[in-house]
Amino acid sequence: MVTDDPDDRTDPVVAAALHDAVHGLRERRPEVSASTVVVAWQRWFLIGLLAAIVAGGIFARTQTLITITVLCTAAYVWTLIDRLILFFRGLDGRSIVTVSAADAEAAEDDSLPAYTILVPAFREPEVIGTVIENLAAFRYPAHKMQILLLLEADDEPTIAAARAATAPESLQIIEVPPADPRTKPKACNFGLHFATGDIVTIYDAEDRPDPLQLRRAAVAFGRLPADTACVQAKLAFHNGGQNLLTAWFTADYALWFGFILPGLMRGDAPIPLGGTSNHLRRDILDEIGAWDPFNVTEDADLGVRIAESGYHTAVLDSVTWEEANSDPVNWIRQRSRWYKGYLQTWLVHMRRPVRLWRMLGPIGFARFTTLLAGTPLIASLNMVFWLITLSWLLGQPHAVQEQFPAYVYFPALFCLVFGNSAVMYMNLVACRESRLTVLLLAALTTPLYWLLMSVAAIKGTYQLISKPSYWEKTFHGLPGAESPQTTGPAK
């Protein structure tokens, strides 16, 4: 379907689809919509907490700083221990669902489910032809595959490039009427109204998915329990050797998708989905309300709602290759959006903390908080503690000792050193087990990468207040991104 005049909102089909794409979730389930950043009780709680910290800083500065440091140190320790537990659980690989190429190809075409592929893209004329070519390589029966290219109706360069490309018969261009919020989940919600598949998946404009991935996911759904709502494929970068930043990013993904997510599968905790290559059952997607157009990490939010609704997510041993950001400014732009979205998602689902505790259990609840709130907040606080440590190292120990007695400062310093060493160890093992030995230097210099993370986290936290639903554009097709592939081949 190519919409002739998608911006004509007098068309009842287009108007209804657009209204539902923007307002559907918050009208049906306002308690899980990020259209409101914080509800009343959360606002008053945060104001009261801030007032208490300010008052403590004025009237009992030393005691307040000691209390905050102790609490932060405890949070670091819990986060580190839990991350190590998840890593070692994922190390044996038993949690990952494996479907061999032979098993995938042996599946009868008539037995395979109908598939809809959503490809939202905005201002991507340089790469849109490439993604069309990559999707045409899928080894899936054409009569059971529907590819919906979701393009903003006023994005004329990308639309022109898409129409000029050689496209498979199963591909249709859907022009999304321009409307706020300008986000990927809004486009996906709009496209869902034209989707016909029993399984729905998303790919980004720079993706190079495994040609057998749809077959592998379909076979995996047939093997997994009926309460499996999503099968998440692994994500990796094809340009990990381009520069040090892409190497850090590639090692980061190797640890996350190869070990942490499989470790989460073996525990009671939501799995924050990747923004692409998540294969979803359409009936469950409709049941839980599809995507939140106001949440800038709609994938993480959807993963939480899947778990909160009693369903499960599996990790599939199939790789989608992406382009790692090679430019620091572009990388911070993307990562700050992720951090902002993590905090958005945590605030949304903490509106009913008692219910969430009952649904996830104490461990799942703690991991939910650690992953979605702890990740950006700890990254932000890192900058503060690094500056304190730098002050001590540069010859101002007395100034530090006045505020932080030895029994507080040195445990925190030990935690910093041990924690950094543990994370470097996990990165090294992840690179070795993933056969990414070319990235060992990046794993050893990871602390420099954490500095960028801290900058991005501070920016994302600020934007949560100033521009909560603003989707900061990440640019793809940067010079040098087509460098030789440095990572192991997909199985």
Got a sec: does the CD of E31 have more than 12 other heavy atoms crowding it under 6.0 Å?
-> yes
Minimum side-chain heavy-atom gap V119-L171 below 4.5 Å | no
Heavy-atom distance under 4.5 Å between the side chains of Q463 and V296, does that happen here?
-> no
Verdict with reasoning, T370 to D82, per side chain to side chain donor-acceptor pair (under 3.5 Å) = CA-CA 9 Å; T370 297; D82 190 58; 5.3 Å; no
Give the minimum heavy-atom separation between A187 and P120, together with the two atoms involved.
-> CB-CB, 4.2 Å
Give, for atom CG of L46 and atom CD1 of I465, the distance between the pair rounded to the nearest 0.5 Å.
-> 9.0 Å
Please check if the side chain of R215 supplies one atom and the backbone of A101 the other of a donor-acceptor pair under 3.5 Å.
-> no
Interatomic distance, L148 atom CG to I174 atom CD1 [nearest 0.5 angstrom] = 5.5 Å
Do D327 side-chain atoms and V329 backbone N/O form a donor-acceptor pair below 3.5 Å?
-> yes
State, to 0.1 Å, how close D301 and N295 come at their nearest heavy-atom pair, and which atoms those are.
-> CB-ND2, 3.5 Å
Would a distance-only check, ignoring hydrogens and angles, find a side-chain to backbone donor-acceptor pair under 3.5 Å from E308 to M359?
-> no
Would you tabulate the side-chain donor-acceptor contacts of residues 251-262 under 3.5 Å, counting partners in other chains and residues two or more places apart, or write 'none'?
{"residue": "D252", "atom": "OD2", "partner": "R335", "partner atom": "NH2", "Å": "3.2"}
{"residue": "D252", "atom": "OD2", "partner": "Y449", "partner atom": "OH", "Å": "3.3"}

Are the side chain of R216 and the backbone of V99 linked by a donor-acceptor contact shorter than 3.5 Å?
-> yes
Among L86, L360, L372, I271, find the residue that satisfies the side-chain contact (heavy atoms from CB on, under 4.5 Å) test when tested with R367.
-> L86
Please lay out, stage by stage, how K184 and L150 fare under the test side-chain contact (heavy atoms from CB on, under 4.5 Å).
-> CA-CA 9 Å; K184 172 181 171 182; L150 308 175; over 6 Å; no
Assess the side chains of Q146 and T116: does a donor N or O sit below 3.5 Å from an acceptor N or O?
-> yes
Short side-chain to backbone donor-acceptor contact, E152 and T158, under 3.5 Å = no
Aromatic plane relationship, F249 with F237 - under 30° parallel, 30 to 60° tilted, over 60° perpendicular = tilted
Minimum side-chain heavy-atom gap E298-T183 below 4.5 Å = no
Indicate yes or no: at least one non-hydrogen side-chain atom of Y339 is less than 4.5 angstrom from one of S380.
-> no
Heavy-atom closest pair (V423 atom, W450 atom, distance to 0.1 Å) is CG1-CZ2, 3.2 Å
Atom CD in E322, atom OG1 in T250: separation rounded to 0.5 Å?
-> 10.5 Å
Where do N134 and Y203 land on the side-chain contact (heavy atoms from CB on, under 4.5 Å) test, with the steps shown first?
-> CA-CA 11 Å; N134 292 336; Y203 291 104; over 6 Å; no
Has the side chain of D109 got a donor or acceptor atom that lies under 3.5 Å from a matching backbone atom of P141?
-> no
Can you tell if the side chain of P168 reaches within under 4.5 Å of the side chain of I132, non-hydrogen atoms only?
-> yes
Tightest non-hydrogen contact, residues G460 and K340, listed as O-CB, 3.5 Å
Under 3.5 Å: donor-acceptor pair, side chain of D11, backbone of V13 = yes
Okay, side chain of E206, backbone of V127: is any donor-acceptor separation there less than 3.5 Å?
-> no
For A247 and L439, the nearest pair of non-hydrogen atoms, with its separation, is CB-CD2, 3.7 Å
Would you please say whether a donor-acceptor pair under 3.5 Å links the side chains of T445 and W248?
-> yes
If you take all heavy atoms of P270 and L371, which pair is closest and at what distance?
-> O-CD1, 4.4 Å
Are any non-hydrogen side-chain atoms of D207 and L135 less than 4.5 angstrom apart?
-> no
Any side-chain heavy atom of R163 sitting closer than 4.5 Å to one from I159?
-> yes
Between the main-chain N or O of A379 and the side-chain N or O of S454, is there a donor-acceptor pair closer than 3.5 Å?
-> yes
From M350 atom CE to L343 atom CG, the distance as rounded to the nearest 0.5 Å | 12.5 Å
Could you tell me whether D155 and R182 have a side-chain N and a carboxylate O separated by less than 4.0 Å?
-> no
Give, for atom CD of E156 and atom CD of E175, the distance between the pair rounded to the nearest 0.5 Å.
-> 9.5 Å
R351 side chain to Q42 main-chain N or O, any donor-acceptor pair under 3.5 Å?
-> no
Take L214 and I117 through the side-chain contact (heavy atoms from CB on, under 4.5 Å) test and state the conclusion after the steps.
-> CA-CA 10 Å; L214 303 188; I117 301 168; 3.8 Å; yes
Determine, step by step, whether L273 and I306 satisfy the side-chain contact (heavy atoms from CB on, under 4.5 Å) criterion, reporting the C-alpha distance in whole Å, the side-chain angles of both residues, the deciding distance to 0.1 Å, and the verdict.
-> CA-CA 10 Å; L273 302 178; I306 285 173; 4.3 Å; yes
Under 6.0 Å from the CZ atom of R123, do we count more than 12 heavy atoms belonging to anything else shown?
-> no
Taking side-chain hydrogen bond (donor to acceptor under 3.5 Å, both in side chains) as the test, write out the residues that go with N382, two or more places apart.
-> Y76
When rounded to the nearest 0.5 angstrom, what distance separates NE2 in H19 from CZ in F190?
-> 13.5 Å
Does a salt bridge link R28 with D20, judged by any charged N lying under 4.0 Å from a carboxylate O?
-> yes
Just checking, any donor-acceptor pair under 3.5 angstrom between side chains of Q213 and T320?
-> yes
Side chains of L245 and S326 in contact at under 4.5 Å (non-hydrogen atoms) = no
